[in-house]
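Residue numbers begin at 1 in each chain, while the letters A, B, ... track the order of the sequences.
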Amino acid sequence: MEEIKDRVLQVLTDGNLDYRQKKHHLAYIAESTQDYPVISKEATEALNEKIICDLFEGNAPYRPRYVLPDYAYALKNGVNYLELEPPTNFDEAINFLSILYIQVPSITGYSVYLGNIDTLLLDYVGDLSEEEIYNKLKLFWRFIDRTLPDAFVHINIGPEDNAIARVILRIERELKQVVPNLTLKYDPEITSDELLLEANKTVFEVAKPHIANHKMTTSDFKGEYGVVSCYNSLPVGGGSHTLIRLNLKKITDLHSGNAESFISGTLKKYCEMTLDVIEARSKYLVECVKYYDTDFLAKEGIISLDNFSAMFGFYGLAECVNQLMKRSGKELSYGKDKEANQLAHLILEEMKKIVDARELPYCKGNNGKAFFHAQSGIDIDIEESAGARIPIGSEPDIYTHINTVAPHHHLFNGGISDIFHFDETVKRNPSAIVDIIKGAFKKGMRMFTFNLSNGEFIRITGYLVRRSDLKEFREEGSRYGSALFAANSMDNANVDNRVSKRVISNEQVASKY
Amino acid sequence: MSKLQANISGIIKSSVIDGPGNRMVIFFQECNLNCMYCHNSHTIGLCNLCGTCVDTCPTNSLQIDSKNKRIIHNENTCTRCDECLNVCPENSSPFYKQMSVEDIISEILEVKDFISGITVSGGEVMLHAPFLGLLFQEIKLHYDLKHLSILIDSNGNIEQEEWESLLPLIDGVMLDIKAYSAKTHKQITGYSNEKVLKSIEYLNDKNKLKELRFVLTPNYNNDESELREIARLMKSVSPNVGKTLIKMRNHGIRKEFSFLREANTEEMNFAKNIFVQADIDILEI
Ligand code: SF4
Ligand code: SF4
């Protein structure tokens, strides 16, 4: 009790947090007084040691981690709980969505998915001129940024070229907001080159949208999908109960044999343990909290338990592979050497097999299996590279990079991302990026994300922050929840200047969250 | 395939500054001008195996292979200090390689999915016109490559007949005009510019001139009359030809030309104004 009192006081008196952020952290502390869903002693230890990481979802899951409301369904049928009739024009539609967004639960407190916004709104355009659409959407965009101040809040456009998608890109370039994060679904057979070019020009200004390989992702889902939070792809009208990730570096540290026995022994054991945690948390949410029986979104058919599954994530592949190589007496590294790349691929395929073999309760959204996800990292990852990424600073040239990672992108129905860095000169020639994206997708990449050197926006592991916000946050706090995350990330990883500054301890971050 | 070989000083597999889209750029060794501000002066000459670089290399990474008339370079011990390039009396380099059309095609095949096309550059690439003819034909006949665009980056100092057979195979030429007055041209490049001016006119007539670039070099080609002549020349070609005003940068130029000075903002604006007055849409870089 004394310890909890201290933690509460620390939050109450932290001048870097605003009122809402404090409330959020207080709720987290309150939740931590509950017992964790029932798991084995070994799994509990693995969680404590951060071998398995639940990304601070809390001890007692009372809402799913990722909720993707079927906004089209809601717009068509209205929402009783919120006393909202189906909208009949553009203004009403925007107003309807604005209200609904605020009500969607998530781990961070802010909805992680705001819909495929161009297709949602196209039906309501009527005879509005482009300028009118622009004026209305600009206010809508400002509303989103100010009321949902979290870089994990994600909106989608595409794959069809349309007036709304183009206006949104224009607004993004103008407003330069961190929120919402943005993905363009791209299919060379549907999306026009002009829209892709517009998207790339926007990336130069605000480091978004990400470009998703629409054809590839669609084939992984029964119905519609959305890209949410940090490049997670999930079913619309559903989502994910939880995301639990396995630290491949740490389990390699624990392992004492060669690569072969790692794959058949240690890796398998910990994958199963991660799946145990996923199962326990999903059950808690469904059976104990009865979220899907009680929340209005589920009751009104805007989400359905049948469209939910859970996510199995991992990180630190690079460190795992490099260490296994070293143990076999080879100074070969992931991203550079063929043999290391092959081992990486083998490990990923094995994990995918294990995940696909495990039948999980309440995971109908993915045929009873968890979604496999290369988790793009958070601030406490000091020694581990995000997901299956090549460590920052040792990325090879762009083609080698793409050829190294593209062959395993197909495995990740839950999403994966690699970040490609470009020099400022590319701004004069945006069609060059179009060429590279097309090539990358041809090679089997699922998602394309890039950063420009010296941009005002910096991509931290998976989300965006403004350089100036980071600086300000250090000095006086920020409106964006993710700036805190990012400030820690910048200190921990070699993200920006490639110089490691390991200034804070994990415990401090965990207690802060 | 032909046994013809060319001296290739380098290949860049992804360039965003050598024409539209992402391009592979192939650099050929040897040039027929000797511009004071050349940033890659080691691509001007051919190696005569004099051995100066071999003796200078601090890591003993170079060796003369007299039987095959070439220099062997040990990439593992080389520290990229560039000493060998600085001492070469021939403005050459021990690094360039002989490559066949086949060799280059296989390099292009590796990156074909990622590029809009290729750009050949130099040195002066038109010194290798017969080789280019074969290379381009091979590209146009290749099922996986025929969609690629082909651009030539040249100084234009070449006889008209060298262009003729290449034109049907290429998308365009990016060409420099270093100075309009023959005398100034000679000062800057060591050679006169009759052939260059003819190439510009010819390529423009044939609709193959893609870009015309002018490098502003203070004290040489920045007086008003010279600039007006350049503007007149730019005006005389099709409005579809891209025009670029480039600020000479003295980064990486040879020591003996270190007296060259970069234009200041005022000088750049002065030049730009003359082009704008002549109603030329010009890009400044
Ligand atoms: S660049 Fe390499 S080969 Fe040339 S002098 Fe330096 S070490 Fe020797
Ligand atoms: S590269 Fe230059 S210095 Fe070296 S052997 Fe050839 S000509 Fe002589």
Where the side chain of B:Asn22 meets the backbone of A:Ile433, is there a donor-acceptor pair that is under 3.5 Å apart?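 It does not hold such a pair.
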
For [X], I'd like to know if atom [atom1] has over 12 heavy atoms of other residues, nucleotides or ligands within 6.0 Å.
X: B:Glu266; atom1: CD; result: no
X: A:Lys336; atom1: NZ; result: no
X: B:Lys208; atom1: NZ; result: yes
X: A:Glu174; atom1: CD; result: yes
X: B:Lys146; atom1: NZ; result: yes

Exercise: identify the closest heavy-atom pair between [X] and [Y]:
X: A:Ile436; Y: B:Ser14; answer: CD1-OG, 4.3 Å
X: A:Asn429; Y: B:Gly19; answer: ND2-O, 3.1 Å
X: B:Gly21; Y: A:Ser431; answer: N-OG, 3.1 Å

Check whether A:Val434 gets within reach of chain B through its side chain, its backbone, both or neither, counting any heavy atom under 4.5 Å.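 Nothing of A:Val434, per the 4.5 Å heavy-atom cut-off to chain B.
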
Contact class of A:Ile402 relative to chain B, heavy atoms under 4.5 angstrom: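 Interface part for A:Ile402: side chain.
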
As an exercise, state the distance from CZ of A:Arg428 to CG of B:Leu283, rounded to the nearest 0.5 Å.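 Reported to 0.5 Å precision, the distance equals 6.5 Å.
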
Could you grab the distance from atom CG of B:Asp113 to atom OH of A:Tyr399, nearest 0.5 Å is fine?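 These two atoms lie 10.5 Å from each other.
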
Does the pair A:Ile398 and B:Phe114 meet the rule for a side-chain contact (heavy atoms from CB on, under 4.5 Å), with working shown? CA-CA 10 Å; A:Ile398 184 139; B:Phe114 297 102; over 6 Å; no

For residues 12-21 of chain B, which residue pairs qualify under salt bridge (Lys or Arg N to Asp or Glu O under 4.0 Å), counting only residues two or more places apart or in two chains?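 Found B:Lys13-B:Glu107, B:Lys13-B:Glu110.
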
